**Student:** 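Please read through the structure below; I'll follow up with questions.
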Amino acid sequence: MNTKYSDVFEMVLALMDSYKIKPIYAEHGEEGINKFFIPNLRIAAGQLEIANIGIDISDRDDNLYEFGSKLTDGQQLLVAKLVFAAYLSKETHSIEQMELHLQSGDFKTYAEKSNLDVKLNALYALKEEIDYELKKFGYNKYAW
């Protein structure tokens, strides 16, 4: 039985809490979440391909919302973190937030800058954690 996208996206939602995603889930359910995260999943697939650590999620069906193989819990967690990092990266590179930061008054500017700084710090920490796990996974696939 192949792994469904929803299995990975549930892990993403367990890692984060977003006021932007809750209404999507409430209105469109699992299919809405699948459609929302697919671009981030493609970024994660590209990162795994570049890392070449033995997890291949390029074989997937975006119509059935499932991967072409069964992913272990560890593989699902790593993919979920990569999807989350892609989402968080998009949030930190939001041109709209940057424009609000540049155009608003002192207090709002401070709040926007503080919010962006927190997102950047979270993204950097998550990327370090992912890098560590990718290396660990890559080492584990070889018999020493």
Side-chain angles (χ1 to χ4, degrees), residues 2-62 64-142:
N2 297 338
T3 302
K4 296 192 175 299
Y5 289 2
S6 59
D7 295 338
V8 171
F9 297 154
E10 282 177 9
M11 288 185 171
V12 174
L13 295 174
L15 293 170
M16 65 183 270
D17 191 20
S18 173
Y19 69 92
K20 293 180 181 178
I21 296 175
K22 286 181 182 179
I24 294 170
Y25 186 73
E27 187 173 336
H28 303 286
E30 189 176 294
E31 185 163 340
I33 294 297
N34 286 335
K35 287 182 180 180
F36 181 82
F37 279 126
I38 282 178
N40 299 306
L41 179 64
R42 293 184 66 216
I43 292 169
Q47 290 176 322
L48 287 171
E49 182 181 331
I50 291 168
N52 193 24
I53 59 168
I55 301 175
D56 183 15
I57 59 170
S58 61
D59 178 24
R60 59 185 187 276
D61 187 334
D62 288 346
L64 295 176
Y65 303 119
E66 67 180 27
F67 299 98
S69 61
K70 176 83 172 134
L71 300 176
T72 67
D73 288 342
Q75 291 171 332
Q76 288 179 39
L77 179 59
L78 189 54
V79 172
K81 286 182 179 182
L82 287 166
V83 168
F84 180 34
Y87 171 78
L88 193 54
S89 181
K90 177 182 167 191
E91 286 290 298
T92 59
H93 293 103
S94 169
I95 300 301
E96 183 178 300
Q97 281 188 340
M98 290 177 193
E99 287 176 355
L100 285 174
H101 171 68
L102 295 173
Q103 295 173 2
S104 57
D106 289 342
F107 178 74
K108 191 170 182 181
T109 299
Y110 176 77
E112 291 293 333
K113 181 186 179 318
S114 180
N115 184 22
L116 188 56
D117 286 344
V118 168
K119 286 179 184 177
L120 281 171
N121 289 337
L123 177 60
Y124 295 148
L126 182 60
K127 283 186 174 183
E128 284 181 21
E129 183 179 327
I130 290 168
D131 284 344
Y132 171 76
E133 290 175 355
L134 284 171
K135 288 175 186 163
K136 187 176 171 183
F137 191 91
Y139 289 141
N140 286 343
K141 80 175 191 177
Y142 297 107

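These figures come from a predicted structure and were not determined experimentally. Reckoned from all heavy atoms, side chains included, excluding hydrogens, waters and symmetry mates. Counting from 1, the numbers follow the sequence of the chain as shown.
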**Student:** Where do Leu134 and Gln47 land on the side chain to side chain contact (heavy atoms under 4.5 Å, CB included) test, with the steps shown first?
**Tutor:** CA-CA 10 Å; Leu134 284 171; Gln47 290 176 322; over 6 Å; no
**Student:** Take Asn2 and Leu64, measure what side chain to side chain contact (heavy atoms under 4.5 Å, CB included) needs, and give me the verdict at the end.
**Tutor:** CA-CA 11 Å; Asn2 297 338; Leu64 295 176; over 6 Å; no
**Student:** Restricting to non-hydrogen atoms, name the atom on Leu71 and the atom on Gln76 that form the minimum distance, rounded to 0.1 Å.
**Tutor:** O-NE2, 3.0 Å
**Student:** Going from CD1 on Ile130 to NZ on Lys135, what distance comes out if it is rounded to the nearest 0.5 angstrom?
**Tutor:** 12.5 Å
**Student:** Count the heavy atoms of every other residue, nucleotide or ligand shown that sit under 6.0 Å from CZ of Phe36, and state whether that count exceeds 12.
**Tutor:** yes
**Student:** Once the angle between the rings of Phe37 and Tyr87 is folded into 0 to 90°, is it parallel (under 30°), tilted (30 to 60°) or perpendicular (over 60°)?
**Tutor:** perpendicular
**Student:** Does Lys4 pair with Glu30 as a salt bridge, N-O distance under 4.0 Å?
**Tutor:** no
**Student:** With rounding to the nearest 0.5 angstrom, report the CG to OG distance, Leu126 to Ser89.
**Tutor:** 10.5 Å
**Student:** Give me each pair satisfying side chain to side chain donor-acceptor pair (under 3.5 Å) with a member in residues 122-134, each pair once, sequence neighbours excluded.
**Tutor:** Lys81-Glu129, Lys81-Glu133
**Student:** Can you check whether Asp7 reaches Phe67 side chain to side chain, under 4.5 Å on heavy atoms?
**Tutor:** no
**Student:** To the nearest 0.5 Å, what is the distance between CD on Gln75 and CG on Leu78?
**Tutor:** 8.5 Å
**Student:** Could you pull out all residues at least two apart from Asp62 that satisfy side-chain hydrogen bond (donor to acceptor under 3.5 Å, both in side chains)?
**Tutor:** Tyr5
**Student:** Check side-chain hydrogen bond (donor to acceptor under 3.5 Å, both in side chains) between Asp56 and all other residues, then give those that pass, not counting sequence neighbours.
**Tutor:** Ser58
**Student:** Show the nearest heavy-atom pair for residues Ala44 and Leu82, with the distance to one decimal.
**Tutor:** CB-CB, 3.5 Å
**Student:** How many angstroms lie between atom CZ of Phe84 and atom CD of Glu91, to the nearest 0.5 angstrom?
**Tutor:** 10.0 Å
**Student:** Can you see which heavy atom on Ile33 is nearest to which on Ile21, and at what distance?
**Tutor:** CD1-CG2, 3.4 Å
**Student:** To the nearest 0.5 Å, how far apart are CD1 in Ile43 and CG in Leu48?
**Tutor:** 12.5 Å
**Student:** Run the side chain to side chain contact (heavy atoms under 4.5 Å, CB included) check on Ile57 and Leu41 step by step: do they pass?
**Tutor:** CA-CA 9 Å; Ile57 59 170; Leu41 179 64; 3.9 Å; yes
